[in-house]
Amino acid sequence: MAKTILITGATSGFGKAAAELFSSNGWKLILTGRRRDRLQELQEKLGAANVHIAVFDVRDRQQVEAAIQEIPREFQDIDILLNNAGLALGLGPAQEADLDEWETMVDTNIKGLLYMTRRILPMMVARGTGHVINLGSVAGSWPYPGGNTYGATKAFVQQFSRNLRTDLQGTGIRVTNIEPGLAESEFSIVRFGGDAEKAAKVYEGTRPLTPVDIAEIIYWTASRPAHVNINCVEVMPVCQSWGNFSISRDSF
Ligand code: NDP
Ligand code: 8X3
């Protein structure tokens, strides 16, 4: 019988690439996001019989609840929850940051992920099978200037993923945190408030990870034998690594 994956943030980037890859491997899909037109387009492309779409904002508990309740019977046995919806806003120093942007990142990357996980987990535990795959980031482990709240939300995702594993001990449910570095998607366009030119500069002269690279890692993680849990995967493009400790001179 075909397995089912629920993907948050399937309208773009990693989520969309994962939808295409899992679909090509015979999976049934529940695709979510706020942009209905993109979800409909994807549903048409991948085949309506195997794709259920749900348009909602992960930050809204009521919308999450309603969307899960409306999942048709034939899609209700969810094998994978891919908590992918997320965003960074801004790259300025903390002392100049926009508090609304910080709140949006917390509400999406942390609270949205919590709403989804809390709602789906009991269904997995009842069935004795399931896999929660979260999208963390290298920013959850490594600081960089301007990473402030974004990185901190991903540090939450990292530790929440590990803590989930301890709570789920003995249930057979798997948990994985995928932690990518530089990857080209709509991520930087969103980060810079729609400024595509500024976003393009982030990737100029680099060979970043692609959404397909990440989708393949997600698929590999999910297709390990049932007794194997990949706790986390940290992945960067070859062109990226860490910087020096920075030291300011003639000041503090
Ligand atoms: P994209 O901007 O291309 O995709 C983000 C997805 O999240 C979209 O489908 C968007 O859908 C969805 N989303 C955002 N906010 C909400 C919301 N409030 N409710 C529902 N869906 C939402 O970025 P990526 O594919 O690159 O990012 C996917 C994940 O990977 C994110 O969690 C990101 O933090 C993480 N990541 C990205 C990296 C990168 O360099 N690209 C590296 C490491 C991690 P819609 O707007 O239609 O709602
Ligand atoms: C996205 C990667 O380095 O821009 O999580 O934070 S980074």
Side-chain angles (χ1 to χ4, degrees), residues 6-20 30-42 53-64 67 82-91 101 103-116 133-158 160-161 177-194 196 199 201-203 206-215 217-218 232-237 239-243:
L6 188 163
I7 303 176
T8 65
T11 57
S12 166
F14 304 166
K16 183 172 182 230
E20 287 170 343
I30 302 168
L31 304 181
T32 82
R34 291 166 300 178
R35 285 171 286 184
R36 179 184 296 280
D37 53 337
R38 291 202 183 189
L39 291 175
Q40 282 172 338
E41 214 175 283
L42 209 45
I53 60 172
V55 182
F56 65 92
D57 187 325
V58 292
R59 293 172 295 175
D60 186 317
R61 265 172 93 161
Q62 273 74 43
Q63 285 186 29
V64 169
L82 179 58
N83 275 321
N84 164 76
L87 80 174
L89 293 172
L91 195 57
E101 292 189 338
E103 216 158 42
T104 302
M105 290 188 275
V106 168
D107 289 347
T108 310
N109 302 355
I110 297 181
K111 290 167 77 178
L113 182 141
L114 291 179
Y115 300 155
M116 292 302 300
I133 304 181
N134 293 328
L135 252 301
S137 166
V138 293
S141 299
W142 312 109
Y144 62 83
N148 45 66
T149 295
Y150 176 68
T153 65
K154 294 304 185 178
F156 175 94
V157 173
Q158 181 185 69
F160 183 62
S161 303
N177 191 33
I178 311 280
E179 303 171 5
L182 187 76
E184 192 163 8
S185 62
E186 293 179 13
F187 178 82
S188 291
I189 299 175
V190 172
R191 179 170 229 168
F192 298 128
K201 286 214 167 14
V202 173
Y203 309 104
T206 74
R207 191 170 170 194
L209 298 169
T210 67
V212 170
D213 292 328
I214 303 305
I217 291 167
I218 293 167
C232 65
V233 179
E234 184 183 88
V235 53
M236 288 176 176
C239 66
Q240 183 180 35
S241 70
W242 302 271

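Every number for a ligand or one of its atoms is a count from 1 in the order of the listing.
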* Asked: How far is atom 31 (C) of ligand 1 from its nearest protein heavy atom, and which residue and atom name does that atom have?
  -> Asn84 O, 3.2 Å
* Asked: Would you say Ala10 touches ligand 1, if touching means a heavy atom closer than 4.0 Å?
  -> yes
* Asked: Does even one non-hydrogen atom of Gly136 get within less than 4.0 Å of ligand 1?
  -> yes
* Does ligand 1 have a heavy atom under 4.0 Å from the side chain of Tyr150, from its backbone, from both, or from neither? -> side chain
* Structure fact -> At under 4.0 Å between heavy atoms, what of Ala139 touches ligand 1? The answer is neither
* What distance do Glu41 atom CD and Ile53 atom CD1 have between them, rounded to the nearest 0.5 Å? -> 11.0 Å
* **Closest protein heavy atom (residue, atom, distance) for atom 39 (C) of ligand 1** => Ala183 O, 3.5 Å
* In this structure, are over 12 heavy atoms from other groups packed under 6.0 Å from Lys16 atom NZ? -> no
* How far apart are the closest heavy atoms of Gln240 and Gly181, and which atoms are they? -> OE1-CA, 3.5 Å
* Among protein heavy atoms, which lies nearest atom 37 (C) of ligand 1, and at what distance? -> Phe14 CE1, 3.4 Å
* For the residue pair Gln158 and Cys232, establish whether any side-chain heavy-atom pair is separated by less than 4.5 Å. => no
* Test ring pair (Phe, Tyr, Trp, His ring centres under 6.0 Å) applied to Phe160 - qualifying residues, sequence neighbours left out -> Phe156
* To do: Give, for atom CH2 of Trp242 and atom CE of Met236, the distance between the pair rounded to the nearest 0.5 Å.
  => 5.0 Å
* Asked: Evaluating non-hydrogen atoms only, which member of Ile7, Val58, Thr11 is closest to atom 47 (O) of ligand 1?
  -> Thr11
* **Note, Val202 side chain near Phe192 side chain (heavy atom, < 4.5 Å)** => yes
* Structure fact -> the protein heavy atom lying closest to atom 15 (N) of ligand 1 turns out to be Arg34 NH2, 3.2 Å
* Structure fact -> Quick note on ligand 1: atoms under 4.0 Å from a heavy atom of Gly181 include exactly 40 (O), 42 (C)
* Tell me which protein heavy atom sits closest to atom 12 (C) of ligand 1, plus the residue, atom name and distance to 0.1 Å. => Gly9 CA, 3.5 Å
* **Listed partners of Phe56 passing ring pair (Phe, Tyr, Trp, His ring centres under 6.0 Å), at least two apart** => none
* Structure fact -> shortest atom 18 (N) of ligand 1-to-protein heavy-atom contact is with Asp57 OD1, 2.8 Å
* Residue pair Pro180 / Leu209: nearest heavy atoms and the distance that separates them -> CB-CD1, 4.3 Å
* Beyond-backbone contact of Tyr115 with Val58, side-chain heavy atoms, under 4.5 angstrom -> no
* Note, Phe14 side chain near Leu82 side chain (heavy atom, < 4.5 Å) -> no
* Region of Thr108 engaging ligand 1 - heavy atom pairs below 4.0 Å -> side chain
* When you look for protein heavy atoms under 4.0 Å from ligand 2, which residues do they belong to? -> Ser137, Ala139, Tyr144, Tyr150, Phe187, Arg191
* Check: Leu6 and Thr32 side chains under 4.5 Å, non-hydrogen atoms -> yes
* Structure fact -> Among Gly13, Ala85, Ala17, the residue with a heavy atom nearest to atom 21 (N) of ligand 1 is Ala85
* Should the proximity of Lys154 to ligand 1, defined as any heavy atom under 4.0 Å, be assigned to the side chain, the backbone, both, or neither? -> side chain
* Does the side chain of Asn134 pick up a donor-acceptor pair with the side chain of Asn177 at under 3.5 Å? -> no
* Structure fact -> the protein heavy atom lying closest to atom 3 (O) of ligand 1 turns out to be Ser12 OG, 2.5 Å
* With heavy atoms of Ser137 as the reference, note each atom of ligand 1 found under 4.0 Å away. => 43 (C), 44 (C)
* Just checking, is any N or O donor in the side chain of Asp107 or Thr104 under 3.5 Å from an acceptor N or O on the other one? -> no
* To do: Would you mind listing which atoms of ligand 1 come within a distance below 4.0 Å of any non-hydrogen atom of Arg59?
  => 18 (N)
* atom 23 (O) of ligand 1: the protein heavy-atom neighbour that sits closest, reported with distance to 0.1 Å -> Ser185 OG, 3.5 Å
* Identify, with sequence neighbours excluded, every residue that meets salt bridge (Lys or Arg N to Asp or Glu O under 4.0 Å) alongside Arg59. => Asp57
